[in-house]
Protein chains: 2
Amino acid sequence: MAKKNTTIYDISKKLNVSVATVSRALNNHPRISQATKELVVNMAMEMDYKQNNLAKALKSGETKTVGVIVPYINTNFFSSVIRGIEEELSPHGYRVIICQSHDDADIEKKQLNTLLHTQVDCIFISISKNTSDLEYIKKVISTTNTPIIFFDRKKDIPGISTITIDDHKGAYQATEHLIKEGYKNICHFSGDQNLEIYQNRLSGYISALKDHNLPVIEDNIINTGSSIEEGINAMKSLWKRKVKPDAIFSASDFTALGVCKEIKNLKLRIPEDIGVIGFSNEPFTQFMELSISSVDQTPVMMGKVSGNVFLESIKDNFSGITIEKKLVLTPMLQIRQSSSRKK
Amino acid sequence: MAKKNTTIYDISKKLNVSVATVSRALNNHPRISQATKELVVNMAMEMDYKQNNLAKALKSGETKTVGVIVPYINTNFFSSVIRGIEEELSPHGYRVIICQSHDDADIEKKQLNTLLHTQVDCIFISISKNTSDLEYIKKVISTTNTPIIFFDRKKDIPGISTITIDDHKGAYQATEHLIKEGYKNICHFSGDQNLEIYQNRLSGYISALKDHNLPVIEDNIINTGSSIEEGINAMKSLWKRKVKPDAIFSASDFTALGVCKEIKNLKLRIPEDIGVIGFSNEPFTQFMELSISSVDQTPVMMGKVSGNVFLESIKDNFSGITIEKKLVLTPMLQIRQSSSRKK
DNA sequence: TTGTAGGCGTTATCAA
DNA sequence: TTGATAACGCCTACAA
């Protein structure tokens with residue numbers, strides 16, 4: 001029934017040597033003769049020996065496993081970041097556990113506890129929309145040895161490294177691009193302002209307007225969620241205004257898509273009558289017959305950098321230093337048809 | 001420096017009881033007095049005790065962790081399946097480790113070994129395009145206790161449960177739908193024929209033609225990959241033929257997208273001149289201005305069912321039975337503009 | 001160069 | 001009802 005794995009003890013018996021010798025041979029320990037080493041290694045191969053990671057982890061305190069908590073795994077952005085983390089860490093022998101918070105702070109806390117419980121070596125988090133209990137995370141930092149790293153959706157907490165993109169800059173460039181294309185009355189569809197990323201996109205929009213001497217109009221900043229539906233509805237009510245916009249910079253691609261659909265519905269032309277630009281560079285934006293301009297967040301790169309920050313922190317740890325890094329990646333403006341009015 | 005976790009040993013010392021007592025109290029063991037149990041539980045709470053999963057796993061042989069191997073994690077299909085697996089298993093205390101094979105059999109084998117090595121309780125795999133070494137997997141099955149479960153991209157191996165969708169049926173319905181819309185000369189862009197899913201889509205296409213007394217023409221079955229580019233090129237060369245097709249059933253949505261782009265380029269109309277239908281129900285298919293018909297694979301459901309098959313197998317295992325399940329989910333045809341010629 | 005033995009934190013068996 | 005102790009499989013001082 002139960003198929004037992006061979007252990008170093010089994011090998012030691014077979015070879016009439018001690019388990020210590022076997023362990024040393026298998027770990028390339030310097031203090032062992034070449035001859036016995038080969039003997040052991042061959043026997044291990046023959047007996048199909050597989051090191052028991054559990055025992056090793058129990059002894060060493062390192063599980064060679066990291067955890068990632070994201071709102072949902074099946075979105076282009078988060079799955080791409082996870083891909084980056086996996087590809088950066090996998091070659092170094094780390095496994096990646098994924099958890100979903102369903103964009104809920106309570107579930108997020110539970111997942112965090114589970115990962116702590118699993119004794120992962122590091123936890124990567126992109127926080128949920130309604131996360132506000134920073135004390136809890138601070139407590140984790142101060143009472144455990146498990147480093148936490150924030151990516152994209154972060155909060156500023158001492159001791160926590162963060163990897164983000166420059167949302168302000170991305171939004172600034174997007175808005176500036178619209179201005180240069182000759183759009184004058186640019187509205188911004190902002191996302192959930194509890195998240196820094198959306199705050200920054202909003203501030204980038206405002207900065208660009210100011211720098212180009214355009215008025216910042218309160219009513220032109222419309223608080224939407226990130227769905228197609230909300231884009232449609234917001235555009236609908238916007239078009240009932242006396243003074244109509246000639247461009248929309250949306251903090252979300254899905255909302256931008258909704259905008260495009262409604263514009264078409266209103267029998268207006270993109271980009272001639274109205275310019276549109278989104279954020280995230282979702283795959284569909286480039287597939288559309290009328291492709292949608294967007295801001296690429298380089299998610300795979302973000303994942304790789306996040307993984308690398310962890311790897312570097314291990315090195316640093318040997319010298320007893322803990323460094324808090326704040327890395328900011330540069331977004332990439334993708335100009336497509338929906339915002340290219342000039343030839 | 002090192003923040004040590006409290007262990008049951010710490011609690012036992014504090015309370016002047018044995019570790020065995022502490023362990024029993026914490027595990028709701030029947031043979032313990034209510035009084036001491038409360039004493040221990042409260043002290044554990046006070047000392048912020050967290051059970052060490054590693055030690056428990058080492059003792060019990062169960063890690064409460066499963067592994068998933070997919071070609072790439074950042075695709076809609078695979079990330080959705082993983083979401084389903086996570087959501088089914090997480091409530092039962094399981095963690096999910098994700099691995100990418102990069103659609104390569106060698107890497108896949110390495111990842112499989114890593115997971116075995118990590119002593120996960122189950123491994124879910126959607127095999128890579130060029131996986132052919134079935135002996136290796138059979139060996140894993142026969143020499144370890146770790147169950148393997150295939151989803152979507154499978155091979156038939158005794159002892160391995162599989163969860164797939166009925167690709168034949170999905171393809172059949174898609175083709176039949178085209179026929180009913182009045183298309184007569186339907187071409188099929190098939191995927192990699194090393195994978196069963198694509199074989200089945202091809203056979204579904206053929207069956208539908210036969211059942212409706214349409215000729216199965218060898219030249220109408222075009223072996224493409226799954227990229228936009230290949231869709232464009234295939235369509236291009238197809239249009240140089242004397243006898244031109246009036247519909248394309250593509251085994252991939254991306255190829256279908258390429259087809260649509262090329263059709264537009266050729267100044268032809270969809271669906272009037274040519275009907276198009278893809279497979280997978282990628283998000284973009286419904287977002288397009290001219291939405292693309294497709295076959296939904298219900299990936300989240302596939303993940304949940306996969307997870308459930310594992311959970312059930314644990315129950316069965318208590319009775320010493322190992323059941324090999326072959327579950328087939330029903331695909332959902334999504335009819336959209338690209339194939340709706342009739343009103 | 002090799003062996004002995006203790007410990008990582010739990011659970012389970014056997015006594016008491 | 002409780003306690004002592006032996007595993008689980010590995011690594012690593014310390015001895016030899």
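So that the names make sense, note that chain A is the first sequence line, chain B the second, and so on, each numbered from 1.
Considering all non-hydrogen atoms of both residues, Glu108(A) and Ile69(A) come closest at O-CD1, 4.2 Å. Of all non-hydrogen atoms in Gln51(A) and Lys56(A), the two that sit nearest each other are NE2-CD, 3.6 Å. Considering every non-hydrogen atom in both Lys155(A) and Ile127(A), the closest pair reads CG-CD1, 3.5 Å. Closest approach of Ser101(B) and Ser128(B) over heavy atoms only: OG-CB, 4.0 Å.
For an aromatic pair to be called close, the ring centres must be under 6.0 Å apart, and Phe310(A) with Tyr94(A) satisfies this.
Distance alone, capped at 3.5 Å, is enough to place a donor-acceptor pair between the Ser142(B) side chain and the Lys138(B) backbone.
Atom CD1 of Ile148(A) is separated from atom CD1 of Ile160(A) by 5.0 Å, given to the nearest 0.5 angstrom.
The span of DNA chain D lying next to chain B, judged by atoms under 4.0 Å from heavy atoms, is bounded 5' to 3' by dT1(D) to dG9(D).
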Protein-proximity profile, nucleotides 6-16 of chain C, B/S/- by nucleotide at the 4.0 Å heavy-atom cutoff, equals BBBBBBBB---
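Within the nucleic acid shown, Asn53(A) has no heavy atom closer than 4.0 Å to any nucleic acid atom.
Contacts classified as side chain to side chain donor-acceptor pair (under 3.5 Å) and involving residues 115-126 of chain A (residues at least two apart or in different chains) are given here: Thr63(A)-Asp121(A), Thr118(A)-Arg95(B), Gln119(A)-Asn52(B).
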